[in-house]
Amino acid sequence: MIFLKQKIKGVFLIKPEPYKDERGIFRRHYCKNEFKNKGLNVNVEQCNVSENTHKGTLRGFHYQTGSCAEAKTLSCIKGRIYDVIVDLRPKSRTFKKWIGVELNEKNRISVHIPKGCANAFLTLKNNSIIHYYCSNKYNPKKEKGLRYNDPTFKFKWPINIKYISDKDKSHLNF
């Protein structure tokens, strides 16, 4: 696994080193030791799969606070997504900065999002499936969100948003 640091501290793109032969491809998707060697002491408490029927589906921005804050590692197993990470850690030198990355079934890249950062993704292809590991269990009482079009951040989405939940539409601006 190759860990590529991003401009937001603690965010990494993770490129697999697949083994390929006539049967297909084998790759590690998570390795506790590899993560630990990069200073990412992530205990996996919950794994989620997000199945998205339509291109243009937005999910997020989501994060949890306090003792329920969580790190996440996302991968697009099928399809394509544009994933946006925003740093909400007030003491971070990249506070209120964001980055966007494309994850897809062909590049097989994962993104690691540290505690204190919010995350959202927009599907760029029908039938996109996203798998993610979380370092904490979901707690609805500690869940927070940001608006996908918050003027504070000036997020740039690569395509129009067509599908978004009422909950995600109703998040407050920062």
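Residue numbers count from 1 along this sequence.
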Would you compute the distance between atom OG of S92 and atom NZ of K97 and round it to the nearest 0.5 angstrom?
10.0 Å
Nearest heavy-atom pair of F35 and H112: which atoms, and what distance?
CE2-ND1, 3.9 Å
What pairs with N149 under side chain to side chain contact (heavy atoms under 4.5 Å, CB included), at least two apart in sequence or on another chain?
R147
Could you give the distance from CG (L146) to OH (Y63), rounded to the nearest 0.5 Å?
5.0 Å
4.5 Å side-chain heavy-atom contact, I77 and V49
no
Do I161 and I159 belong together in a cluster built from hydrophobic side chains that touch within less than 4.5 Å?
yes
Name all residues meeting the ring-ring contact (aromatic ring centres under 6.0 Å, His included) criterion together with F155; count only those two or more places apart in sequence or in a different chain, and write none if there are none.
F61, W98, F153
Is there a donor-acceptor pair closer than 3.5 Å between any side-chain N or O of S135 and the backbone N or O of A71?
yes
Flag side-chain contact, heavy atom, 4.5 Å: L4 against K15:
yes
Which residues share a salt bridge (charged side-chain N to carboxylate O under 4.0 Å, His left out) with R59, sequence neighbours left out:
none
Closer than 3.5 angstrom, by distance alone: can the side chain of W157 be matched with the main-chain N or O of L58 as a donor-acceptor pair?
no
Using the salt bridge (charged side-chain N to carboxylate O under 4.0 Å, His left out) criterion, which residues pair with R89? Sequence neighbours excluded.
D87
Across all chains, not counting sequence neighbours, the side chain to side chain contact (heavy atoms under 4.5 Å, CB included) partners of K32 are Y30, N43
Side chain to side chain contact (heavy atoms under 4.5 Å, CB included) between F3 and N37: does it pass, once the steps are laid out?
CA-CA 10 Å; F3 290 74; N37 289 340; over 6 Å; no
Nearest 0.5 Å, please: how far is CG in D83 from CG in L74?
5.5 Å
Between Y82 and L103, is there shared hydrophobic-cluster membership here, with clusters defined by ILVMFWY side-chain heavy atoms closer than 4.5 Å?
no
Among V86, N173, L172, which residue meets the side-chain contact (heavy atoms from CB on, under 4.5 Å) test with D150?
N173
With side chains defined as the heavy atoms from C-beta onward, is the minimum distance between K5 and F12 less than 4.5 Å?
yes
Heavy-atom pair of closest approach, residues Q46 and N136:
CB-O, 4.1 Å
Under 3.5 Å donor-acceptor, E70 side chain and C68 backbone
no
K20: which residues meet the salt bridge (charged side-chain N to carboxylate O under 4.0 Å, His left out) condition with it, sequence neighbours left out?
none
Applying side chain to side chain contact (heavy atoms under 4.5 Å, CB included) to N127 and not counting sequence neighbours gives T53, K78
Cluster overlap I81 with I164, hydrophobic side-chain contacts below 4.5 Å
no
Kindly indicate whether the side chain of K72, heavy atoms from C-beta on, has any atom under 4.5 Å from the side chain of H62.
yes
Tell me every residue that passes side-chain hydrogen bond (donor to acceptor under 3.5 Å, both in side chains) with K167, counting only those two or more places apart in sequence or in another chain.
E143
Sequence neighbours excluded and cut-off under 3.5 Å, please list the side-chain donor-acceptor pairs for residues 114-125, or say none.
from, atom 1, to, atom 2, distance (Å)
T123, OG1, H54, O, 2.7
T123, OG1, G56, N, 3.1
T123, OG1, T57, N, 2.9

Closest heavy-atom pair, D168 versus G60, reported as atoms and distance to 0.1 Å, is OD2-N, 3.0 Å
Is there a side-chain contact between I99 and V11 (heavy atoms, below 4.5 Å)?
yes
Exercise answer: donor-acceptor pairs, residues 22-29 side-chain atoms, under 3.5 Å, sequence neighbours excluded:
from, atom 1, to, atom 2, distance (Å)
R23, NE, D21, OD1, 3.2
R23, NE, D21, OD2, 3.0
R23, NH2, D21, OD2, 2.6
R28, NH2, E34, OE2, 2.8
H29, ND1, Y133, OH, 2.9
H29, NE2, S75, OG, 2.7

Taking only residues two or more places apart in sequence, or in another chain, which ones meet K169 in a salt bridge (charged side-chain N to carboxylate O under 4.0 Å, His left out)?
D166
Residue pair N48 / S50, side-chain donor-acceptor N/O under 3.5 Å:
no
Name all pairs fulfilling the side-chain hydrogen bond (donor to acceptor under 3.5 Å, both in side chains) condition that reach into residues 100-109, sequence neighbours left out, sorted by first residue then second.
R80-E102, E102-N104
Distance-only, no hydrogens or angles: does the Q64 side chain make a donor-acceptor pair with backbone N or O of K137 under 3.5 Å?
yes
Would a single hydrophobic cluster contain both V111 and I109, if residues Ile, Leu, Val, Met, Phe, Trp and Tyr are joined by side-chain heavy-atom contacts under 4.5 Å?
yes
Do the side chain of N52 and the main chain of S128 share a donor and acceptor less than 3.5 angstrom apart?
yes
Co-membership, hydrophobic cluster, residues I130 and Y138, 4.5 Å side-chain
no
